[in-house]
Amino acid sequence: SSWPPPLVQMQVHACNTCKYILAPRMGVKEGVGDDPRPLLGLAFLRTARWYRGMGGDDIPSPIDFHDPVQALAWEADAVARRPDRPRFFAAMAGELKARLRPGGTVLEVGSGPGHLAEHLLSACEIGSYTPLDFSPAMHDIARVRLAPHAARVTFVARDFRHSDWARGLAPFDAIVTQQAVHEVRHVQRIPRLLSQLRQRLSSNGVLLYCDHYLRAGDGKNAALHPTREAQRAFLASAGFGVVEQVLDAGGMALYVAVV
């Protein structure tokens, strides 16, 4: 693993984020210029607390998504460092337009700040959209972004690492997930989650699964990110009979999976 951790890297990278977002959230009212270093000590402390809070065989996350400051920083960094994200959003919208009945129901697993949800709700005839995320801080960001679509959106605060995360949820016509499945924090847990997603689909439902994959020499953790071949194998082992790769860019792959 690298040091400083990604949280600190993203804060150094985005001085304006420090000045206009992080500083107010941390209660710093004066003396914040273009140098983010005065805020890094607090960032290090928060990151260390998050490392200590992880247990078991989890691959620790360097980001505490429950912390509003870190959630905002992650959002800014994701937009800056993942220029291919809009291509994946467009590809997902195209698949939903082709496969989802008008007024269909959609679950997003690991919905984060609502970027994908905003795109899909604007582009597709979706009757109801359920963003599911374990982070209230991310839901707060998403509520603002999705306010124009509020009548069709129902936020659910659940941690999909827990076995009962889907309790009480009715089957969905489509499930979408973008850069989230690896947050089970170990590659061995991915097949179980994909199987649970299949069980949450209605008949003829479709899963749109997009995430990072492992490539030789890319520095990613093999215990966290599967290879492309493993991603396909996991989908097949979860009970999906048809698996198609729709897009591959920037070290991420998007699959359409149908039972």
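The structure presented is a predicted model; accordingly, all values stated were derived computationally and were not measured.
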Exercise. Show your reasoning for whether side-chain contact (heavy atoms from CB on, under 4.5 Å) applies to Leu96 and Leu120.
Key: CA-CA 8 Å; Leu96 284 186; Leu120 297 181; 3.9 Å; yes
Self-check item: Candidate pair Gln178 and Met252, rule side-chain contact (heavy atoms from CB on, under 4.5 Å), full reasoning
Solution: CA-CA 9 Å; Gln178 167 86 16; Met252 293 193 298; 3.8 Å; yes
What's the separation between atom [atom1] in [X] and atom [atom2] in [Y], rounded to the nearest 0.5 Å?
| X | Y | atom1 | atom2 | answer |
| --- | --- | --- | --- | --- |
| Leu169 | Gln199 | CG | CD | 12.5 Å |
| Glu183 | Ser135 | CD | OG | 10.5 Å |
| Arg198 | Phe240 | CZ | CZ | 7.0 Å |
| Trp165 | Gln196 | CH2 | CD | 6.0 Å |
| Arg99 | Cys124 | CZ | SG | 13.0 Å |
| Gln231 | His225 | CD | NE2 | 10.0 Å |

Self-check item: Plane angle bin for His119 and Phe89 - parallel if under 30°, tilted between 30 and 60°, otherwise perpendicular
Solution: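 The rings of Phe89 and His119 sit tilted, inter-plane angle from 30° to 60°.
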Using a strict cut-off of less than 4.0 Å between a Lys/Arg side-chain nitrogen and an Asp/Glu carboxylate oxygen, indicate whether [X] and [Y] qualify as a salt bridge.
| X | Y | answer |
| --- | --- | --- |
| Glu75 | Arg145 | yes |
| Arg228 | Asp211 | no |
| Lys97 | Glu95 | no |

Atom of [X], atom of [Y] and distance for their closest heavy-atom approach:
| X | Y | value |
| --- | --- | --- |
| Gly104 | Leu100 | CA-CD1, 4.0 Å |
| Gly114 | Leu146 | O-CD2, 3.8 Å |
| Ala166 | Arg200 | CB-CD, 3.5 Å |
| Ala71 | Phe65 | CB-O, 4.1 Å |
| Tyr213 | Thr227 | CB-C, 4.0 Å |
| Val109 | Thr177 | O-OG1, 3.0 Å |

Exercise. Using atom types as modelled and distance alone, determine if a side-chain donor or acceptor of His162 lies under 3.5 Å from a backbone N or O of Asp164.
Key: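 Absent.
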Self-check item: NZ or CZ of Arg143 within 45° of Phe155 ring axis and under 6.0 Å
Solution: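 Judged by the rule, Arg143 and Phe155 form a cation-pi pair.
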Quiz prompt | Trace of the side-chain contact (heavy atoms from CB on, under 4.5 Å) decision for Leu201 with Val206 | solution = CA-CA 7 Å; Leu201 285 171; Val206 60; 5.8 Å; no
Check the hydrophobic clustering (I, L, V, M, F, W, Y; side-chain heavy atoms under 4.5 Å; chains of links allowed) and say if [X] and [Y] are grouped together.
| X | Y | value |
| --- | --- | --- |
| Met138 | Leu132 | no |
| Leu235 | Met92 | no |
| Phe160 | Val106 | no |
| Val176 | Val242 | yes |
| Leu247 | Tyr255 | no |

Note, [X] side chain near [Y] side chain (heavy atom, < 4.5 Å):
| X | Y | result |
| --- | --- | --- |
| Leu121 | Tyr129 | yes |
| Leu254 | Gln245 | no |
| Pro226 | Phe234 | yes |
| Arg101 | Glu125 | no |
| Arg161 | Asp58 | yes |
| Ser111 | Leu116 | no |
| Ile190 | Val184 | yes |

Quiz item: Under 3.5 Å, is there a donor-acceptor pair between the Arg85 and Gln179 side chains?
Solution: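 Present: a donor and an acceptor within the cut-off.
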Quiz item: Do we see a donor-acceptor contact under 3.5 Å between the side chains of Arg152 and His149?
Solution: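 A pair is found: one side chain offers a donor N or O, the other an acceptor, under 3.5 Å apart.
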Quiz item: When the aromatic ring centroids of His66 and Phe134 are compared, is their separation below 6.0 Å?
Solution: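 For His66 and Phe134, the ring centres are under 6.0 Å apart.
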Exercise. Step through the shown structure and confirm whether more than 12 heavy atoms of other residues, nucleotides or ligands are within 6.0 Å of CG on Asn204.
Key: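 No, the 6.0 Å shell around CG holds no more than 12 heavy atoms from other groups.
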